[in-house]
Each structure stands twice: as structure tokens, then as C-alpha cells.
Novice: 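I am attaching a structure below and will ask some questions about it afterwards.
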Amino acid sequence: MPRDLPIGNGSLFLCFDEHYQIREITYPYAGAENHTVGHPCRFGFYVDGQMSWINSRDWNLRLLYRKDSLITNVRGSSELHRLSFESDDGIDFYESLWVRDLRITNDGGVLREIRPFFSFDFHINGTEVGDTAAFNPVLKTLTHYKKNIYFTFNLLHPVDGPGILQYATGRKELPGAEGTWKDAEDGVLSGNPIAQGSVDSTFGCSLFLPPGETLQLFVWMVVGDSWDDAERMTRHVIERHPSSFLERTHNYWKFWVDQDCFHANVENISIPTISTPAETDLAHRLRTTIPAEFQEPYLRSLLILRTHVSRDGASAASIDSDSLYLARDTYAYLWPRDGANIALAFSQAGYHGLARRFFYFCGDIIKKEGYFLHKYNLDGSLASSWHPWIREGEYQLPIQEDETGYVLWTLKEHFLIDRDFDFITPLYKKLIKPAGIFLRDYRDLTTGLPLASYDLWEERHGTFLHTSALAWAGLMGAAYFSGSFGDVPLCHSFVKAATEIKQGVLQSMRDPSEGFLFRSVEIVDGRIVHTDPTPDISSLTLLETGFLEMANPEEKQLAISLLARLEKRLAVPGPVGGFSRYEGDMYYLSGPSREAGVTGNPWFISAFWMAQGYIRLGTPEALEKALQLLRWGVAHANASGVMPEQLDPLSGDPLSVSPLAWSHAAFINTLHALARHRSMHPES
């Protein structure tokens, strides 16, 4: 079930499903640990002698955010039950606190008792073993805890004030014990005050609503490292009132996306400044040059992307645990490639601090030999992998070399905007120099090309066009820094290696008869023994990084031919459209799609990479194609703005994980590319 409405502050993260059920609760990092592992946390109403959970067909839901904010705005209505609600959720920007402001309206014609119920199914630290759910009679709260993690719930009744009076704790996922949410279905909870092991809890209250009237109820959850810590924070919320935390968080995120919001919120006050006018700031220029039709989805993508960045700078690829049920693993890891794309998006949007934190994180995790391994947990430890250290009986590095190149290239792009010397200086010895030396030396010296590694799709082993482009870009980034720091011989060696990679691509990875570039080659003893002609969208990094120079007529023609070939071979037929990753991509491709002649699902990053390629060409026709692909991305996102990894080509339904941070980063980076082109060519 696709996820929607992610909210978070870098430490605490929540995400809902399409039925407005909380599905993911992660802490103390955005993405780890997952304390629900995808199990639904139910919400519903007992009214007129019936229990109606929000995930039933009784309800029509609209899941959105408040404008320019990470506060949700959800509306639900049921004609059957003559009931409606409006709900705002937020995670405080500073505290580990989730608050819901719930307004319930009686759409019936008589006075009615309505009992909202909330049920939480925890698997603390990813397992239900050893959990406890307990009622605290002093503060009238419910707490789920294990070891040093405490989730404490409370509510603020519009008449009775703070405190939970109706509750149940009990066993779950055992024979004869489905969970306490079943206890709510007769409208009365057992009042069992404690349960341990595999447990859940349900709580609620009673509201008496005259016809047409609305009552407001606040529900919240604090996260602490002890019983006392959770009690302290609970008292703090009661003293300040939960609404104050929602409003300050709403204001924080509005300020975060719009640094001019002071002037919109406070009239007739002038704040003197001696700072440089905002118009001279690159990020401001880019953001104001983005076409008006994309401004709102651009800001929404920035906010959604922000929820996936953890407190230490690592970014989770996706915090959607549905993949657990297919592969018994998730996307809640940092791939340096994905992180570099996310850092580039934030850097060019003006959030330099977020980008710095990512690159510092990279400095801590890079191997002393100068390469990154497959992927990492959000705390910097090595994550699960399927890349072996031995292949065909011989030792190998289990790496995707493009990840190292991506980090170096985006670090250079970030520094050209940020110009923070105190930031970059320690990274030169720690990250830049060893990574550059690795990219320089990890090559076949006969062809000049990189040695074999795994492709970005994590499916094949060889020397790839995409990897070669990123190795070139990483080396040029390393050359920029080494030359700037006066390390001239090293700079020359980096430029020489980059030049040899480019020559190797143009000479050894090009079909001699038709002129197109191969996706990959296999090199044995300096000879090309196998070539793969499959069209692959990842080859467009040749344009994204500037590997192919548009000022060079031959290279520009190669770029035109590349785009034309991808447009012809990877455009997805059918009602949804878009572009696939590569020809013959079976990942999540359904039987009906195959029968319809589809050879790969449409991916959001594929559409946006094509758009970036068209922008690099810069012709009116190419720019119009880029705009159409950006519009395609916006049109196929959820109503909330959330973009998944890919779509069903026949129905348009989201497939795989949702949201995918890389989809949003690619959308943002494409809009930045368009803005740069428009700023340099105002007539376009």
C-alpha cells in the first residue's frame, strides 16, 4: 500500500498510507529504527452503535498538506454515518513530538455521542518481542516502551481536559488475540492497564455533538528515553497547549521554504539590513526563475525531501516498509549516490547546511582507500548488501563506483555555490584526495576506462557508460580542489585520468557502425570482449555532468542522437506514458503490461533525466519537451505531491516504494537546470 504525507524533523518521522493510517514511525533517525515496520495504526469512530475505521469504504478522504508546510491537512466524510472531520498532523520541528488537531462535525440531525478511537501497533526496534504497553494513572497517559525508547500518548478533551479515560492494552498477533482494536468495535474498551510481549493499545473518548456542531480534540505522542523523560515532555505539552506546537512548527516550515515570509506575516514593520540583497544570491535567482506553474510542487518536493534527511546528514532513499513483504528488506538506507543527488538539490536551493552535513557524513564513512561501499545505515554503520567480495573465485571490491564519483562531483558543485572554506578544508584530506586517487587508479590502463563494478541499478557487473561519466566528473571535481589547494602534480594526474576516461568512452564504448554508445563493455586484458547495446536512461549523466560539451559540434550531435534513441526506445506506450529505465526492465512489470507490449514501467527519474537532457540541448522544441515531462511528473504525483519510484503503465498506480527521495531530488534538480538555462537565455 503506497505511503503518503511524510512528516518529520530529522529524528522522529511518521508516514501515512492512502487510508490515513500511520504506517511508519522511525526514531532516532529519519528512517531508522522503524518501530511499526509497516503495521497499521488505526483510527476511527464509534457512532450510532457501529464502529467505522477510516480504512473502510465508508469514508471519502482527501490527503493534503497545509500550503508550504509539513503540517498535514486531511479531510474525511461519511455519508453513511453522517459524520465528517478535518485533521492536521505535525511533528514539532524541535521536540520529538507528534500532535494531531482533530475537528469532528456531526452532519446528522440529532444530538449524538461520537467516540473517536486510536489504536497503535508497535514493534519497537523492529520486533514485538519484549514490548510493554502501560497506562499511567497519574498523568492518564498510555506508554509503549522497550529499553530506552518510550512512546507516550495523551489527548486533550474539549470538556474534560487532558488525560485518557478510555483505554485498553493487550496481546496481538497471537492465536485468539488480533489486538485491542477489536476491543473497540463494541464501543467499550476493557481498561486493562498493562500488557507485555507482543502488544498493542487502543484509547479514545466520548464526545456529545449537537447537529451541525464541531468539536476539537487534540491527540499527541511524545518520545523519550525514559519513563520520567516522557512524563516531563507530556507535562510540557499540557502546559503550553498542543496547538502551540503545531502552529510554531507550521511557521517554522513556512519560514524554511520562504525566507521572505516575515514580510507576508507582519505588516508595516521595517527591519533594517546591511546584507547583500537576496536577488544576488544564486539560490534565490534559481528559485525565482522556475516557471510559476512549478513553484508550488517545487516547494512541496523540498519539504518532502527534507523529511528523509536524518539528523546527522544521511538521507534515507525511502521510508516505506512495504518492500519488507517482498524482499525482507527496505529502502531506508543511505546510498551515497542518492544522498549526493539530494545534497545537490538542497545546495542549489540554498540549504547549504543540509548539504554540508551530508558531505561531512561521507567523510566519516568513506574507506581509507577512497571508495564507498554499497549502502549505509543512517548511523553510518555498514548496511545490508548483496554485492559479494568474491566473484568467479577471485577477490573483488563490492562497489558501485559511480557512487564515489557522484559524491566528488556534487561536492564540487556545492562548493562553487557555498564557498565555505572552513567546511571544505578538512574534507580535502579526509574525502576529496583519497576518492580522487581511487578514481584515478581504479582503471584499465589500456582503454583508460574504469575497472568493472556494479551498475547503479544493482543488477549487472561491468564497465558502464553511467559509471564512466561519473568517474570523469568525480575526477574533474578532485582536480578542481587539488589545483585550488596548490597540489598541482596531483591535479594534473586527475585531469589526465579524466581525459583518458573520456577518450576511452568515445573510442571503446561506441558502436563502430551506428555510432551510438554502449550501455556497458566487458574488458579482459585490455581488450573489449563484450558490449551491451541496451538503451539505458542512466547514460544521460553524460549530459547532466557536462561530459558531452554542447559547444563541441561532434559531442552535441552525439547528445542529440542519444536523446533521440532513448526517446524512441524507452518511451512507455499506453495511457500513462513516461520513460522506462532501460529496454527489457522486468522490475515490478506486471503480466498485463508485458502482454500490452510494455518493456519497462515509467520511472519518475527517467522522465526528469530526459527533461534535463532536453534542457541541455536548449532548442525551443527540446525545452517544450522538458516542460511536458515536468508536467507529467506533477500530474502523476499523489494529490499531496508525493512521488513514488515508478508507476503501473496501464493504470498509473504507484509501484514499489513511495515516496522515493530520488524522484523528488531529480524533479528539483531538473527545475534548477531549467532555471539556469532561463537565467542565461532570458529570451527562452
Novice: Would you call the rings of Y454 and H461 parallel, tilted or perpendicular, where under 30° means parallel and over 60° means perpendicular?
Specialist: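 Judged by the thresholds at 30° and 60°, the geometry between Y454 and H461 is perpendicular.
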Novice: Do the ring planes of F438 and Y442 sit parallel (below 30°), tilted (30 to 60°) or perpendicular (above 60°)?
Specialist: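 Answer is parallel, since the angle falls under 30°.
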Novice: Assess the pair F13 and W98: is the distance between their ring centroids shorter than 6.0 Å?
Specialist: no
Novice: Just one of D422, D312, D418 clears the salt bridge (Lys or Arg N to Asp or Glu O under 4.0 Å) bar with R356, so which one?
Specialist: D418
Novice: Does E459 have more than 12 heavy atoms from other residues, nucleotides or ligands lying within 6.0 Å of its CD?
Specialist: yes
Novice: Measuring from I615:CD1 to H672:NE2, what's the distance to the nearest 0.5 Å?
Specialist: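 Here the rounded value is 11.5 Å.
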Novice: If you look at every heavy atom in T289 and R678, which pair is closest and at what distance?
Specialist: O-NE, 2.9 Å
Novice: Hey, does the Lys NZ or Arg CZ of K412 hover above the aromatic six-ring of Y480, less than 6.0 Å from the centre and inside 45° of the axis?
Specialist: no
Novice: Looking just at side-chain N and O atoms, do S453 and E401 make a donor-acceptor pair shorter than 3.5 Å?
Specialist: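 Checked: S453/E401 side chains show no N/O donor-acceptor pair below 3.5 Å.
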Novice: Does I437 reach the side chain of E369, with side-chain heavy atoms less than 4.5 Å apart?
Specialist: no
Novice: Does a side-chain heavy-atom distance below 4.5 Å link V521 with L449?
Specialist: yes
Novice: Which label fits H374 and W386: parallel for a plane angle under 30°, tilted from 30 to 60°, or perpendicular past 60°?
Specialist: perpendicular
Novice: Sub-3.5 Å donor-acceptor pair from the side chain of K375 to the main-chain atoms of S384, do we have one?
Specialist: yes
Novice: Within this structure, what is the OG-CG distance for the pair S11 and L97, rounded to the nearest 0.5 Å?
Specialist: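 Answer for the OG-CG pair, S11 versus L97, is 13.0 Å.
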Novice: Just checking Y376 against F361, ring centres under 6.0 Å apart?
Specialist: no
Novice: Is there a donor in the side chain of D585 and an acceptor in the side chain of S580, or the other way round, less than 3.5 Å apart?
Specialist: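 Not at all, the side chains of D585 and S580 share no donor-acceptor pair under 3.5 Å.
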Novice: Where do L540 and Q612 land on the side-chain contact (heavy atoms from CB on, under 4.5 Å) test, with the steps shown first?
Specialist: CA-CA 8 Å; L540 287 173; Q612 288 182 38; over 6 Å; no
Novice: How far apart are the closest heavy atoms of I501 and L475, and which atoms are they?
Specialist: CD1-CD1, 3.6 Å
Novice: List the atom of A665, the atom of N341, and the distance in Å for their closest heavy-atom pair.
Specialist: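 For A665 versus N341, the nearest heavy atoms are CB-O, 3.9 Å.
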Novice: Could you walk me through whether F16 and V642 pass side-chain contact (heavy atoms from CB on, under 4.5 Å), step by step?
Specialist: CA-CA 11 Å; F16 301 82; V642 162; over 6 Å; no
Novice: Does a side chain donor of either S381 or D379 reach within less than 3.5 Å of an acceptor in the other side chain?
Specialist: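 There is such a pair (donor and acceptor under 3.5 Å, judged by atom type) between the side chains of S381 and D379.
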Novice: Tell me whether R519 forms a cation-pi arrangement with F464, defined as NZ or CZ under 6.0 Å from the six-membered ring centre and within 45 degrees of its axis.
Specialist: no
Novice: If you measure from CG on L543 to CG on L548, what distance do you get to the nearest 0.5 Å?
Specialist: 5.5 Å
Novice: Is there a side-chain contact between F415 and I417 in this structure, where contact means two heavy atoms from C-beta onward sitting under 4.5 Å apart?
Specialist: no
Novice: Using the rule given for side-chain contact (heavy atoms from CB on, under 4.5 Å), can you reason through L12 versus I25, listing the C-alpha separation, both sets of side-chain angles and the distance that settles it, and then say yes or no?
Specialist: CA-CA 7 Å; L12 178 62; I25 301 177; 4.2 Å; yes
Novice: Mind checking whether T410 and H414 have side chains closer than 4.5 Å, heavy atoms only?
Specialist: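 The answer is no; the side chains never approach within 4.5 Å.
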Novice: Which is it for R357 and F346 under the side-chain contact (heavy atoms from CB on, under 4.5 Å) test, yes or no, and what are the steps along the way?
Specialist: CA-CA 11 Å; R357 282 161 51 190; F346 281 130; over 6 Å; no
Novice: Looking at F294 versus Y298, is the centre-to-centre ring distance below 6.0 Å?
Specialist: no
Novice: Do P644 and P2 have side chains that approach each other closer than 4.5 Å (heavy atoms only, starting at C-beta)?
Specialist: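 A side-chain contact under 4.5 Å is absent here.
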Novice: Establish, yes or no, whether the cationic atom of K502 lies under 6.0 Å from the six-membered ring centre of F547 and within 45° of the ring axis.
Specialist: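 Verdict for F547: a cation-pi partner in K502.
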Novice: So, do R616 and E544 sit near enough that their side-chain heavy atoms are less than 4.5 Å apart?
Specialist: no
Novice: If the plane angle is over 60° it's perpendicular, under 30° parallel, otherwise tilted; pick one for W256 and Y351.
Specialist: parallel
Novice: Drop me the distance from L5's CG to C15's SG, to the nearest 0.5 angstrom.
Specialist: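 Spacing of CG (L5) from SG (C15) equals 7.5 Å.
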Novice: Cation-pi check, R3 to Y331: give yes when NZ or CZ is under 6.0 Å from the six-membered ring centre and within 45° of the ring axis, no otherwise.
Specialist: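 No, R3 does not lie over the aromatic ring of Y331.
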Novice: Less than 3.5 Å apart, any donor N or O on the side chain of E413 or S347 sitting next to an acceptor on the other?
Specialist: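 No, S347 and E413 have no side-chain donor paired with an acceptor closer than 3.5 Å.
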Novice: Between atom CD1 of I605 and atom CH2 of W662, what is the distance when rounded to the nearest 0.5 Å?
Specialist: 4.0 Å
Novice: Counting the benzene-type ring for Trp, do F423 and Y360 have ring centres under 6.0 Å apart?
Specialist: yes
Novice: Verify the ring-centre separation between W609 and F579: is it less than 6.0 angstrom?
Specialist: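 That pair fails the under 6.0 Å test.
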Novice: To the nearest 0.5 Å, how far apart are CD1 in I91 and CG in N9?
Specialist: 6.0 Å
